[in-house]
Visitor: 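A single structure is presented below for examination.
So you know, we letter chains A, B, ... as the sequences are listed, proteins then strands, and number each from 1.
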There are 2 protein chains.
Amino acid sequence: MTASRTARERVRAELTREITDIARRHLATEGAGGLSLRAVAREMGMVSSAIYRYFPSRDDLLTTLIIDSYNSLGEAVEQAEAGHPREDFLGRWLAACHAVREWAIEHPHEYALIYGSPVPGYQAPQDTIVARVRDVAVLGRVVADAWEAEAVRPPGVAPAPPSELAADASGIRELIPGAPDSVIWLSIAAWTALYGWVNFEVFGQFNNTIEDRRTAFEHAMRLAAATLGLTQ
Amino acid sequence: MTASRTARERVRAELTREITDIARRHLATEGAGGLSLRAVAREMGMVSSAIYRYFPSRDDLLTTLIIDSYNSLGEAVEQAEAGHPREDFLGRWLAACHAVREWAIEHPHEYALIYGSPVPGYQAPQDTIVARVRDVAVLGRVVADAWEAEAVRPPGVAPAPPSELAADASGIRELIPGAPDSVIWLSIAAWTALYGWVNFEVFGQFNNTIEDRRTAFEHAMRLAAATLGLTQ
DNA sequence: GAAAAAACGAGAGCACTGCTCTTGACGAAC
DNA sequence: GTTCGTCAAGAGCAGTGCTCTCGTTTTTTC
């Protein structure tokens, strides 16, 4: 009986996958704004209303694409970081940074979906939060491991964080257990430096300004690591 | 004769201004994607086709809004920075940073338009480039003045930029005359740190993570200044 | 195995969008 | 006073998301 039931559910799963595949291709070429349910249906040889049997709204389709994007980015970062030995903290950091940048350049529209301006009228549901943190978790783990191994030595020039920030820091400390507030905020700074750069590059702010972007990016990420005190 | 001619042109200028005003209000509430020529026309008591006498396309209307946004941000940053004495480099830097952040929070959709993911199908024309650099120019001027006054003393921990980046650095040096490559790239890092943070905050990445955002932002910008060696 | 129930694709339709074209009216210039 | 350019209005085209209904098919239930 499960076999007969599966017969229908299998074709349903197959069609659902086909819809998301086509939608992802449209998203990659035209961007989120150009994603049209009717166009997807047309390409499937379906009538537009039939799509709604599989996705109740355009936003729902977009949500699954967003989750896929989060996972795709997270996986890329995880794999890149895993290619370095545990004690090579700087290598792991740089590998993760390059993975973020390269994934973003290869999937600009997906990147815009998850790290760009929010899609108008679209509110990301709770479902996305789980997949959302995979890339950040990798970065946190690198710093956490380095801190644990006493390989994080912030230079003394950095000003101390004001005491008002202690509450926020203690929440973030879940990612980097045992680290003092100063290291927490230096890590946040490194994090924003990474995504600030990638945002600028993907959204075209470096056009006609920086040409050798990969080299400049690596230098910027080395700067961020040095500021944090991650030198090996 | 110019008076009679002006009579017509004056009402035209007036209507053009009214259109952009309404459009800006729609943009501020609904975002770029929700900006509808028909809705603007409806609010003006016009028929939709009449709008095209004033703006040949939706993108043209969007372009003027973008230019306005650039100028609005640029002016805010200029004014904030001008409120500090020339020798107070750190104060000028922090004031400019806060101005960017506060403007972005007050005008999230406008900010998304100029620093977020590009609007699908929209390509910013050359006209925007002139207004685009006003905020960056202020930041560059602060660092340039500080460098000239020998108030920039980068700590020795930063790795030296590789020689391949010399060409790109020399282009950027227009903003900070006479600065060595190391200072150029530290400035770029501070720049990306600023907009990386503001992007994260405006686009909601700090939700449920950082609560005291103004304090955290100021600390981050002090860190960026310290990394650059701007301590006074 | 037959009947009830659920799932499904197709089609029409609503309200909306950007944009084009034509038509008729008004005002300025010669 | 006539001509010419400017303008608002309206109809229309092609597209969008989404809803509803109507047969058909498949699954479940008895």
Side-chain angles (χ1 to χ4, degrees), chain A residues 1-20 22-23 25-27 29-66 113 119-123 125, chain B residues 1-20 22-23 25-27 29-66 113 119-123 125:
Chain A
M1 64 170 194
T2 46
S4 59
R5 184 185 194 173
T6 308
R8 185 167 225 159
E9 294 214 336
R10 267 173 68 184
V11 67
R12 182 181 177 85
E14 176 61 31
L15 282 180
T16 305
R17 218 184 58 83
E18 193 175 343
I19 291 174
T20 56
I22 295 177
R25 233 187 41 242
H26 286 202
L27 171 68
T29 54
E30 264 117 289
L35 176 61
S36 152
L37 283 184
R38 293 182 111 110
V40 173
R42 213 176 297 129
E43 190 167 331
M44 292 190 64
M46 253 176 169
V47 87
S48 71
S49 59
I51 292 279
Y52 289 84
R53 298 273 177 199
Y54 300 88
F55 291 93
S57 78
R58 201 192 92 115
D59 280 4
D60 283 85
L61 178 54
L62 214 56
T63 297
T64 73
L65 292 181
I66 289 182
L113 215 51
V119 178
Y122 172 80
Q123 191 65 16
Chain B
M1 60 173 194
T2 46
S4 58
R5 186 184 193 175
T6 305
R8 187 166 225 157
E9 295 214 334
R10 266 172 69 183
V11 68
R12 182 181 177 84
E14 177 61 31
L15 282 180
T16 306
R17 217 184 59 83
E18 193 176 343
I19 291 174
T20 57
I22 295 177
R25 233 187 39 242
H26 286 202
L27 171 67
T29 54
E30 264 117 288
L35 176 61
S36 153
L37 284 184
R38 292 182 112 110
V40 173
R42 214 176 298 130
E43 190 167 331
M44 292 190 63
M46 252 177 169
V47 87
S48 71
S49 58
I51 292 279
Y52 289 85
R53 297 268 175 202
Y54 301 88
F55 291 94
S57 78
R58 200 191 93 115
D59 279 5
D60 283 84
L61 178 53
L62 213 57
T63 297
T64 72
L65 292 181
I66 289 182
L113 216 51
V119 177
Y122 172 79
Q123 191 64 16

Visitor: Please step through side-chain hydrogen bond (donor to acceptor under 3.5 Å, both in side chains) for the pair A/Asp60 and A/Thr63, ending with a clear verdict.
Guide: CA-CA 5 Å; A/Asp60 283 85; A/Thr63 297; 5.6 Å; no
Visitor: Atom CD of A/Glu43 and atom CD of A/Glu18: how far apart are they, to the nearest 0.5 Å?
Guide: 8.5 Å
Visitor: Between protein and nucleic acid, restricted to nucleotides 5-8 of chain C and to nitrogen or oxygen atoms under 3.5 Å apart, what atom pairs and distances do you find?
Guide:
| from | atom 1 | to | atom 2 | distance (Å) |
| --- | --- | --- | --- | --- |
| C/dC8 | OP1 | A/Arg12 | NH1 | 3.1 |
| C/dC8 | OP2 | A/Arg12 | NH1 | 2.7 |

Visitor: So A/Arg25 and A/Thr29, do their side chains get closer than 4.5 Å, heavy atoms only?
Guide: no
Visitor: Within this structure, what is the CD1-to-P distance between B/Ile51 and D/dT6, rounded to whole angstrom?
Guide: 18 Å
Visitor: Could you go through nucleotides 11-14 of chain C and list every protein N or O atom that sits under 3.5 Å from one of its N or O atoms, giving the distance for each pair?
Guide:
| from | atom 1 | to | atom 2 | distance (Å) |
| --- | --- | --- | --- | --- |
| C/dG11 | N7 | A/Ser49 | OG | 3.4 |
| C/dG11 | O6 | A/Ser49 | OG | 2.8 |

Visitor: Write down the distance between CZ (A/Arg58) and C1' (C/dA15), rounded to a whole number of angstrom.
Guide: 17 Å
Visitor: Using the closest heavy atom to pick a nucleotide of DNA chain D for each, name whichever of B/Gly45 or A/Arg42 lands nearer the 5' end.
Guide: B/Gly45
Visitor: To the nearest angstrom, how far is A/Ile19 atom CD1 from D/dG17 atom C1'?
Guide: 15 Å
Visitor: Mind calculating the distance between CD (B/Glu14) and P (D/dA8) to the nearest angstrom?
Guide: 13 Å
Visitor: Nearest-Å distance, CZ (A/Arg10) to C1' (D/dT27)?
Guide: 16 Å
Visitor: Could you check how far CE of B/Met44 sits from C1' of D/dA9, rounded to whole Å?
Guide: 15 Å
Visitor: Do B/Leu37 and B/Phe55 touch side chain to side chain, with heavy atoms closer than 4.5 Å?
Guide: no
Visitor: Considering the options B/Ile66, B/Leu65, B/Leu61, which one meets the side chain to side chain contact (heavy atoms under 4.5 Å, CB included) requirement together with B/Leu27?
Guide: B/Leu65
Visitor: Quick one, A/Leu15 and A/Met46 - any side-chain contact, counting heavy atoms below 4.5 Å?
Guide: yes
Visitor: In whole angstrom, what separates B/Asp59's CG from C/dC19's C1'?
Guide: 12 Å
Visitor: Between CD1 of A/Ile51 and CZ of A/Arg42, what distance do you get to the nearest 0.5 Å?
Guide: 11.0 Å
Visitor: Without swapping roles, check the side chain of A/Arg53 against the backbone of A/Arg12 for a donor-acceptor pair under 3.5 Å.
Guide: no
Visitor: Starting at CE of B/Met44, measure out to CD1 of B/Ile19 and round the result to the nearest 0.5 Å.
Guide: 4.5 Å
Visitor: Could you state the OH-C1' distance from B/Tyr52 to C/dC19, rounded to the nearest angstrom?
Guide: 5 Å
Visitor: Reckon A/Leu35 touches a base, only the sugar-phosphate, or nothing at all at heavy-atom distances under 4.0 Å?
Guide: sugar-phosphate
